[in-house]
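A quick write-up on the structure given underneath.
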2 protein chains.
Amino acid sequence: MNLEMIRAAAKRLEGHVRTTPILTSPFLDEIAGRRVLVKAENLQHTGSFKFRGGWSAVSALDNGALKNGVIAYSSGNHAQGIALAGKAHGAPVVIVMPANAPQIKIDNTRALGAEVVLYDRATEDRDEIGTTIASARGMTLVKPFDDPQVIAGQGTTGLEIARQAAALGVTEAEVIVCCGGGGLTSGIALALASEAPAMRVRPAEPEGFDDATRSLKAGKILRNAALDGSICDAIVTAQPGDLTFPIMQAHCGAGIVVTEQECLTTMGLAFERLKVVLEPGGAVSLAAALFHSDEIKGDAVIAVTTGGNVDPAVFLRALETL
Amino acid sequence: MNLEMIRAAAKRLEGHVRTTPILTSPFLDEIAGRRVLVKAENLQHTGSFKFRGGWSAVSALDNGALKNGVIAYSSGNHAQGIALAGKAHGAPVVIVMPANAPQIKIDNTRALGAEVVLYDRATEDRDEIGTTIASARGMTLVKPFDDPQVIAGQGTTGLEIARQAAALGVTEAEVIVCCGGGGLTSGIALALASEAPAMRVRPAEPEGFDDATRSLKAGKILRNAALDGSICDAIVTAQPGDLTFPIMQAHCGAGIVVTEQECLTTMGLAFERLKVVLEPGGAVSLAAALFHSDEIKGDAVIAVTTGGNVDPAVFLRALETL
């Protein structure tokens, strides 16, 4: 993994990715006690940054591989990113999803042209199903984060941050990133190490699912005790990736851990002050920026809000915090 | 009013205005039966396009006028635009608001540094109060739409639309604009007449408050029968402006009238598919694009969503449409 791969991914994404805006509000600055820049990747195609990695991985395939198609397992944002990128490249797409995933997510993935294969979370192993289909059909498996081209795609967010923040007069800041497996976190960290060396990435995670924070502290990969039970489900993974973790170790500051209530309050503030929709997992970074000021240094902080795919019922809970 | 004034306003706004993104979703394209481009001015500073006109008008004042300050009457988006622009220019700002305006709006306007003067909607006349304060303090009154520099500021949205749509391959389209007094509608129409002559602006209005639509049809300025009772309150005005109406007559196509229910459904779709918050009045244009396809021509349509300042209770009604 290196900057050149991120630059090459940016070239492949050009004209297809949305350059998401940096949003600000004096009201948020006041809460945080410093200037807050929000890089709104929830406004990316398919409602999350995952489109970048999906497009990067699919567009890196040769014609033969595209013809055979791509496969991914995901119940959420990665699935939609891969589905849309695959469709645009004319590649068949199979998404392996748990049978009990919300119907709307299954419908959306199908509406984007993907073939959805359902499995029983309790009795079946998605890796096995995925591997079987992949080898039977000669499809390329695109992992959600531990894949060089996926990391490169997510890293293009970092190139944009460096350029957009500089235009706003910010070249020195901590950059808080919602962290699941670390694809986005490591990609942005790599990009900024070259493009904005006075910026430092800090992963943010929800309470109880802070594998990256603990792993960085311990100097080795640690797992989460549980894998469900968080409203921040979109960014809950078992542990940091084998590819992503060394990059995070080399370039990131300490993790920041937020509560679910802080996420809901942040979603309410994003509704009120920024006019954008965040999902709980996509609000973790901004929650850290707003409510963990004492753990952050500098006059400005940048929070990457990573997704907006939230059920109305959960969003209601956020509105109730206002 | 001419293009040069809009270009000059764009220069004054540079580095201060947010270049709002154009958002899209294949799901919206399918509903509309054509490509839908959403120019998301609800993501502008203060949550509405009004910041453009406010900044344009304030920044056009000389130092003496700035020192004396500016005054506006508005219970909503124009007030916040003027307050933020005035604050940034170091100008005192007085906002005349009805005493029964939502407390949050009064608080927000004060938080932006403005002095709020409350009046009783039933017994007092805001024009009289405004004029008295303006002349007593030598302040400049900035009207919400019938002011050349305000129109010029709103027109900068049109310059961005021409450039951004061309980058997406769209040079020919109807451009639907939420229309109150016509400041934004006429400003965009003027800008596009020069910058994208194959585009045509169409004002969109809520049922029962369709003064611009009826006026354009009649060839003369007509008033609305009522002035309240619409959830689209942000864009309800008595009648088109003396400055804005001739520009609309010269450059706009027929108006499109939508129902409140269509606005709420559109707000729900914007939540689900675009991850943005729209207020009812700011959703009128997109509602027209989605649900009045038969009144629109061409392969692509551009909808300018103009604001996102909505109470949670109203937003709830939109979520319930999903």
Side-chain angles (χ1 to χ4, degrees), chain A residues 14-16 18-27 29-30 38 40-48 80 83-84 87-88 104 107-108 111-113 164 167-169 267-268 270-279 282 305-316 318-322, chain B residues 14-16 18-27 30 38 40-48 80 83-84 87-88 104 107-108 111-113 164 167-169 267-268 270-279 282 305-322:
Chain A
E14 209 182 307
H16 304 289
R18 188 172 291 150
T19 302
T20 52
I22 293 217
L23 305 176
T24 57
S25 162
F27 296 95
D29 295 353
E30 201 179 313
V38 178
E41 272 296 300
N42 52 308
L43 299 178
Q44 190 51 263
H45 295 293
T46 71
S48 95
Q80 293 195 45
L84 187 56
K87 188 185 182 190
I104 178 82
D107 292 346
N108 282 348
L112 292 172
Q164 292 175 307
L168 294 168
M267 289 164 66
F271 163 88
E272 188 179 28
R273 301 306 183 185
L274 303 177
K275 315 305 174 191
V276 293
V277 176
L278 300 182
E279 63 192 39
T305 51
T306 50
N309 293 309
V310 55
D311 288 332
V314 175
F315 201 72
L316 234 171
L319 292 180
E320 283 163 0
T321 67
L322 292 171
Chain B
E14 208 181 307
H16 304 290
R18 186 172 291 150
T19 303
T20 53
I22 293 216
L23 304 177
T24 57
S25 161
F27 295 97
E30 199 179 314
V38 178
E41 273 297 298
N42 52 307
L43 300 177
Q44 191 51 263
H45 294 295
T46 70
S48 95
Q80 293 196 45
L84 188 56
K87 188 185 182 191
I104 177 80
D107 291 346
N108 282 347
L112 292 172
Q164 293 174 307
L168 293 169
M267 291 164 65
F271 163 88
E272 188 180 27
R273 302 303 184 186
L274 303 177
K275 314 306 172 190
V276 294
V277 176
L278 301 182
E279 62 191 43
T305 51
T306 50
N309 292 309
V310 54
D311 287 332
V314 175
F315 200 72
L316 234 171
R317 292 173 58 192
L319 292 181
E320 283 164 359
T321 67
L322 292 171

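Each chain gets a letter, A, B and so on, in the order the sequences are listed, and its residues count up from 1.
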Looking at A:A270 and A:L278, what are the two nearest heavy atoms and their distance?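 What the structure gives for the nearest pair is CB-CD1, 3.7 Å.
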
What part of B:L23 gets closer than 4.5 Å to chain A, counting heavy atoms only: side chain, backbone, both or neither?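 The answer is both parts of B:L23.
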
Side chain from CB out, backbone as N, CA, C, O: work out which of these in B:T20 comes under 4.5 Å of a heavy atom of chain A, or both, or neither.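 Neither part, no heavy atoms under 4.5 Å.
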
Pick whichever of [options] has the most heavy-atom pairs under 4.5 Å with chain A.
{"options": "B:V310, B:L84, B:V277", "value": "B:V277"}
{"options": "B:H45, B:E272, B:R273", "value": "B:R273"}
{"options": "B:L43, B:L274, B:L322, B:I22", "value": "B:L43"}
{"options": "B:N309, B:L319, B:L316", "value": "B:N309"}

Tell me, side chain or backbone of A:I104 under 4.5 Å from chain B's heavy atoms, or both, or neither?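 The side chain, not the backbone.
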
Considering only heavy atoms from C-beta outward, does the side chain of A:T24 approach that of B:R18 to under 4.5 Å?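 A:T24 vs B:R18: side chains touch.
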
Sequence neighbours excluded, which residues qualify as side-chain hydrogen bond (donor to acceptor under 3.5 Å, both in side chains) partners of B:Q44?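 In terms of side-chain hydrogen bond (donor to acceptor under 3.5 Å, both in side chains), with neighbours along the sequence ignored, B:Q44 is linked to B:E41.
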
Excluding sequence neighbours, so at least two apart, what forms side-chain hydrogen bond (donor to acceptor under 3.5 Å, both in side chains) with A:T46?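 With sequence neighbours excluded, A:T46 shows a side-chain hydrogen bond (donor to acceptor under 3.5 Å, both in side chains) to no residue whatsoever.
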
Interatomic distance, A:L112 atom CG to A:Q80 atom CD [nearest 0.5 angstrom]: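 Answer rounded to 0.5 Å: 6.0 Å.
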
Walk me through it: do A:Q164 and A:T19 pass the test side chain to side chain contact (heavy atoms under 4.5 Å, CB included)? CA-CA 10 Å; A:Q164 292 175 307; A:T19 302; 3.7 Å; yes

